[in-house]
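Notes for the one structure printed next.
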Amino acid sequence: MSEDRAPRRALRTVVIIGSTRAGRFGPTVAGWFAGRARRRAELCVDVVDLAEAGLPDALVEDGDPRPAPVGALATRLAAADAFVVVTPEYNRSFPAPLKTAIDWFHEEWRAKPVAIVSYGGESGGLYAASQLREVFTELHAVAVPGGVGVARYWEQFTADGAWPKPSAPCNTDAAALLDRLTWWAHALRDARALRPYPAS
């Protein structure tokens, strides 16, 4: 088989549940999106729940050893070709534990695409998503254009309690976001293989 026809390695895609508070809806949203992603043969999905990751609240100085939970998660993030961050919106921003989790890592995000799935009230998490884009851009990641914003998510249950309704706009938005995330993941993985990213 010629090289240009060789099967391509699946894109490792890490879906991060950004909320850690009691009663959170994040696992439901992340489970739904991860399920949509797993329908695509070219994506290999790994779900990271920050409520279970055990990351310390306080960062260490540069050069100091990383705590064990940070090192364990670093391995999973470093292996990723793409990320999906699932976040609620609290007071027009994203949760503090998510910011701490982002700040624990640097090279792991670099030159990789990040898709944002947000949920909340009327805005659907628009403000949280906007701020996350700025943060990831600073870390030299590529925030995928568009996204999924689920407004009034509590209205999207079916009669039997499943979420979301088949008619919910987030279903169409998810398909489009996965298309763009996959494109960027392939493009950036190929670019990283060709030459190191010049971060400094």
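Predicted model only: the values in this text are computed from it and were never measured. Note that the numbering runs from 1 along the sequence shown for the chain.
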Single-linkage hydrophobic cluster, 4.5 Å side-chain cutoff, [X] and [Y] together:
X: L55; Y: V135; value: yes
X: V60; Y: L73; value: yes
X: L181; Y: V86; value: yes
X: L194; Y: V142; value: no

Is a side-chain donor or acceptor of S130 paired with a backbone partner of L126 at a separation under 3.5 angstrom?
-> no
Salt bridge or not between [X] and [Y]? Use side-chain N to carboxylate O under 4.0 Å.
X: D179; Y: R40; value: yes
X: R66; Y: E108; value: yes
X: R36; Y: D173; value: no

Beyond-backbone contact of [X] with [Y], side-chain heavy atoms, under 4.5 angstrom:
X: L59; Y: D103; answer: yes
X: L43; Y: T182; answer: yes
X: I116; Y: V144; answer: no
X: P67; Y: W104; answer: yes
X: N171; Y: P164; answer: yes
X: I102; Y: L132; answer: yes
X: F105; Y: L139; answer: no

Under 30°, 30 to 60°, or over 60°: which ring-plane class applies to Y153 and F25, parallel, tilted or perpendicular?
-> parallel
Rounded to the nearest 0.5 Å, what's the gap from [atom1] on [X] to [atom2] on [Y]? Could you check?
X: K165; Y: E155; atom1: NZ; atom2: CD; result: 7.5 Å
X: L188; Y: D81; atom1: CG; atom2: CG; result: 9.5 Å
X: L11; Y: K112; atom1: CG; atom2: NZ; result: 11.5 Å
X: I16; Y: L77; atom1: CD1; atom2: CG; result: 5.5 Å
X: R24; Y: L50; atom1: CZ; atom2: CG; result: 8.5 Å
X: F33; Y: L178; atom1: CZ; atom2: CG; result: 3.5 Å

Quick one: which of V48, V14, L98 gives a side chain to side chain contact (heavy atoms under 4.5 Å, CB included) with V85?
-> L98
Just do the side-chain contact (heavy atoms from CB on, under 4.5 Å) check on W154 and R152 with the steps written out, would you?
-> CA-CA 5 Å; W154 53 86; R152 300 182 303 280; 3.8 Å; yes
Taking it one step at a time, do R12 and D46 satisfy salt bridge (Lys or Arg N to Asp or Glu O under 4.0 Å)?
-> CA-CA 7 Å; R12 301 187 195 95; D46 177 18; over 6 Å; no
Listed by chain and number, what are the side chain to side chain donor-acceptor pair (under 3.5 Å) partners of T13, not counting sequence neighbours?
-> none
Exercise: do S118 and E89 side chains pair donor with acceptor under 3.5 Å = no
Counterpart residues, side-chain contact (heavy atoms from CB on, under 4.5 Å), relative to Q131 (two or more places apart) | S93, F94
Establish, yes or no, whether the cationic atom of R92 lies under 6.0 Å from the six-membered ring centre of Y127 and within 45° of the ring axis.
-> yes
Other residues, nucleotides, ligands: >12 heavy atoms within 6.0 Å of D62 CG =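 At most 12 heavy atoms, drawn from other residues, nucleotides or ligands, come within 6.0 Å of this atom.
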Looking at Y119, F157, W163, which hits ring-ring contact (aromatic ring centres under 6.0 Å, His included) with W32?
->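 Only one of Y119, F157, W163 forms a ring-ring contact (aromatic ring centres under 6.0 Å, His included) with W32, namely W163.
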